2 protein chains.
Amino acid sequence: MSGTVDELASSARRDGTLVERVMRAIRHQISSRSLAPGGKLPSIRAVAQTMQVSKSTVVEAYDRLAAEGVIRSRPGSGFYSAAPPAPLSLTELAPRLDRAIDPFWVSRQSLEAGKDVLKPGCGWLPGSWMPGDEIRRALRGLARTREEAGLTDYGTPLGLAPLRQFLSRRLAEQGLQAAPDRILLTDSGTQAIDLVCRLLIQPGDAVLVDDPCYFNFLALLRAHQVTVIGVPQTPAGPDLSQFEQALAAHRPRLYITNSGLHNPTGAALSGVTAHRLLKLAERYALTVVEDDIFADFETEQAPRLAALDGLERVVRIGSFSKTLSASFRCGYIAARPDWIDKLTDIRIATGFSSSRLSEELVFAVLGSSGYRKYLEGLRARLAASMASIVPRLQALGIHPWIVPKAGMLLWCRLPDGLDAAEVARHALNADVVLAPGNVFSVSQAASGFMRFNVAQCMDERIFTVLENALRLAANETGKGKP
Amino acid sequence: MSGTVDELASSARRDGTLVERVMRAIRHQISSRSLAPGGKLPSIRAVAQTMQVSKSTVVEAYDRLAAEGVIRSRPGSGFYSAAPPAPLSLTELAPRLDRAIDPFWVSRQSLEAGKDVLKPGCGWLPGSWMPGDEIRRALRGLARTREEAGLTDYGTPLGLAPLRQFLSRRLAEQGLQAAPDRILLTDSGTQAIDLVCRLLIQPGDAVLVDDPCYFNFLALLRAHQVTVIGVPQTPAGPDLSQFEQALAAHRPRLYITNSGLHNPTGAALSGVTAHRLLKLAERYALTVVEDDIFADFETEQAPRLAALDGLERVVRIGSFSKTLSASFRCGYIAARPDWIDKLTDIRIATGFSSSRLSEELVFAVLGSSGYRKYLEGLRARLAASMASIVPRLQALGIHPWIVPKAGMLLWCRLPDGLDAAEVARHALNADVVLAPGNVFSVSQAASGFMRFNVAQCMDERIFTVLENALRLAANETGKGKP
């Protein structure tokens, strides 16, 4: 345990500061039970002697352990180990096989997954694909700021003005005129849609979505207690004749969709579909929420409802979770000024303020040239992954509905009428999270489909597990036959 | 413009990097209109020559300006200045005098206030009082992490496990046993209460609050379309006979309160009131939401409903906005396990994920010894401010309802039946945001009261403006008499 100053210094460089070294040693004594729960810690002088550090180092280490709640100080008596923390429950440590396959299935399985779980069904990029260096640079920049307000103050009601100005310019490049005060920053794209729902719909209203659609739209609309009507999706957008029938029959207040790249199908809206859809929306007094979350994946720009409509009856939603970071939350709403004003009040009432620090970070990264270069590289990398994963899936009899122009999502039909939920359960047993079709489907007509994320398919084990899960599901289907 | 390498290097040290210097020069040319909107920028070679920097420096500066949308590249033709951004609207730049004095009044006036506006009415500490150095250290720590996931991934459904373990230990110190999996991290204390409301109440339900109470409870409950019933607050908690009458008459589903330090009055719940209140809650099947947001201001611990009740019919809410930072958002809910499970689903549906980065930062700061020392200093500083501000207000005829044991809030009666809303309007005219009593009051019986934040009263101008506003309001009252 003892050593020369040089050895200690070199050990400190290797293992963090001396204070952290002392903290680790005490933690080890507690976790190994060589110090009983509630037991008295050695004196500061004794630790300083044993570990050959100064007493002030030990004082600092004890102080920090006390701040963490690992040990407690009793004035005049010394330091004692605290009671051990309650353990995490098993449900937190293992995938939940018992959970119903509902709109929450993929979210919770993906979000809860430990490090060893593979997630070809999840809807985001692996961390190693994301712009970590740009984020680190932005964090260091913020740490250097002399302005205390950016680090500690609430955000302004609409959110950081320079970021709104930036978004306003970027939307203008897409042909969408939205002044910065027609843009409200939110904590996420999901929160943005939730706020619009809080403003525009009441329990019992009808709302249109694509079938299939992003499963969390279904979870969100369930929370709003509305009737959800699905319209079959085609490779060019929703099926317009069924769209019109649904408008006439249900008089929905809202239609919520992804354009650009559609989730889960990867389809892109065609110009003619967009134009006709907006004419229908006008005839039936429908408001459209266009969630443009995958915009930065596009290699060529598909038509946008918000740009054609000029934010009259279309509300534009966006976020930065997919290409910048999902760890600091930031989304936006661009809409009519009177709606922005009311949405701002609802946001204050239900969340008080967005995160100024997140907005500062997003602004710093978006404005960097490194981010633009990263996006170019990302698009190329995704195109290459798409090209390599499609034949791998086809070899297992899994066929893409379409091959999308860009992005990471691939909507596929399973072989031989296999039930995707069964396949997903078998795969989860082997620590692989898949996305069975019906979690995306209002009509529950997608049991033979599955969504894959090509960026999350880089591990060989996925294809072994998938092949095995397909075989197990096929055997069951066989057994189930009369 | 030209200079030696040394001069340039020194100028770079003074003014940021060379790239930033070039960017500033171009921005200046655009904002000063020496370069017209849409006009062509000088060539890279020309700028490099004029500013005595390398061409790659200019390329990088142009790239970054293009990424920001300030200039555009036309391949083969060069760079052009972009159209100017749409200006911020006037409503963003000036306090809104026309706004109705409703529960949003203080929030929006305080959040929208520019730098020169003084805010003795707002409910948070000045940025300079907050633990900026600890936050900077936490930011630098995060920037050093090699783990990409912490910077870019979604959070887990319940939120960062080490932070929940930390909170579990801290709650145990208050006598509240809540295992880490009974704690759900949220984006804010406000979001936490909103989620509980989404789980437990329906439009048309009755909900109890204190009168006066934190104004945003009123805004939040309005968004939930419930009937709000106020119970008069006493210095020891709610008036229990009126509390019981309200329970019998309205059968409310929820009671939402701050204990510890009450907002706006600074009152602390007494042990006997807490015990009797919980017996009433049991008899009338009432759920209590206890928002403990001011816990860290306390110098001696007041009774807590959640600790007495053991999280049976009390839901504990908390956040770190008041003493750590409001710029990165993080709150929590501790509640019954079955409720935590349902609340987690609602949170995924309506916001998908909390901010992992915010949780990492909060955990890093909370666990530091510097934060504990900062809190001790803060409590002493607030006590001293309280002692100095009370007589200043009394000298103007403004008298505290009680002098709170701790914290920053002071609930005061104005002289001579003056209308606090009138006084607040006059003060706002002079760029001082006050908090008139009725924004806190369901019954609108607090027109003669005002909430002050002693930490925001350090500027002499506040007392001059206040005196003048009182005189103007008194004159109007005089004129109004027959």
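Naming: A, B, ... by sequence-line order, numbering from 1 per chain. These numbers come from a predicted model, not from an experiment. Hydrogens, waters and symmetry mates are skipped; everything else that's a heavy atom, side chains included, is used.
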Check: Between A:R222 and B:D345, does at least one N-O distance fall below 4.0 Å, as a salt bridge requires?
Finding: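 Looking at A:R222 and B:D345, the cut-off is not met.
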Considering only heavy atoms, which portion of [X] lies under 4.5 Å from any heavy atom of chain A: side chain, backbone, both, or neither?
X	value
B:K322	side chain
B:S353	both
B:Q177	neither
B:S354	backbone
B:E360	neither
B:R347	neither
B:T156	both
B:L324	backbone

Within this structure, what is the [atom1]-[atom2] distance for the pair [X] and [Y], rounded to the nearest 0.5 Å?
X	Y	atom1	atom2	answer
A:R140	B:R144	CZ	CZ	10.5 Å
B:I346	A:L220	CD1	CG	11.5 Å
A:R72	B:R169	CZ	CZ	10.0 Å
B:M130	A:L151	CE	CG	10.0 Å
B:S327	A:E148	OG	CD	11.0 Å
B:T350	A:D187	OG1	CG	10.5 Å

Just so I understand: if I count every heavy-atom pair under 4.5 Å between each of [options] and chain A, which residue has the most?
options	result
B:L111, B:L218, B:L65, B:L361	B:L111
B:R356, B:Q202, B:R136	B:R136
B:P157, B:S188, B:G132	B:P157

Options [options], ranked by heavy-atom pairs under 4.5 Å with chain B, top entry:
options	answer
A:G370, A:A219, A:G367	A:G367
A:I135, A:I348, A:L366	A:I348
A:L139, A:L221, A:N216	A:N216
A:R170, A:R198, A:E173	A:R198
A:T145, A:I193, A:D133	A:T145
A:P162, A:C197, A:A349	A:A349

Checklist line | Mutual orientation of the aromatic rings belonging to B:F352 and A:W124 [parallel < 30°, tilted 30-60°, perpendicular > 60°] | finding: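 Correct class here is perpendicular.
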Margin query: So for A:E359, is it side chain, backbone, both, or neither that comes closer than 4.5 Å to the heavy atoms of chain B?
Written below: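 Neither part.
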Next item on the list: Can you tell which part of A:R64 gets under 4.5 Å to a heavy atom of chain B, answering side chain, backbone, both or neither?
Entry: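 Both parts, backbone and side chain.
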Next item on the list: Output yes when a side-chain donor or acceptor of A:T152 lies under 3.5 Å from a complementary backbone atom of B:S325, and no otherwise.
Entry: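 Such a contact is absent between A:T152 side chain and B:S325 backbone.
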Next item on the list: Quick one: list whatever passes ring pair (Phe, Tyr, Trp, His ring centres under 6.0 Å) with A:Y371, sequence neighbours left out.
Entry: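 So A:Y371 forms a ring pair (Phe, Tyr, Trp, His ring centres under 6.0 Å) with A:Y374.
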Next item on the list: Only counting residues at least two apart or in another chain, list the ones meeting side-chain contact (heavy atoms from CB on, under 4.5 Å) with A:S355.
Entry: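 In terms of side-chain contact (heavy atoms from CB on, under 4.5 Å), with neighbours along the sequence ignored, A:S355 is linked to A:L357, A:S358, B:F328, B:R329.
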Item checked: Min side-chain heavy-atom separation A:D63-B:K373 under 4.5 Å ->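 A:D63 vs B:K373: side chains touch.
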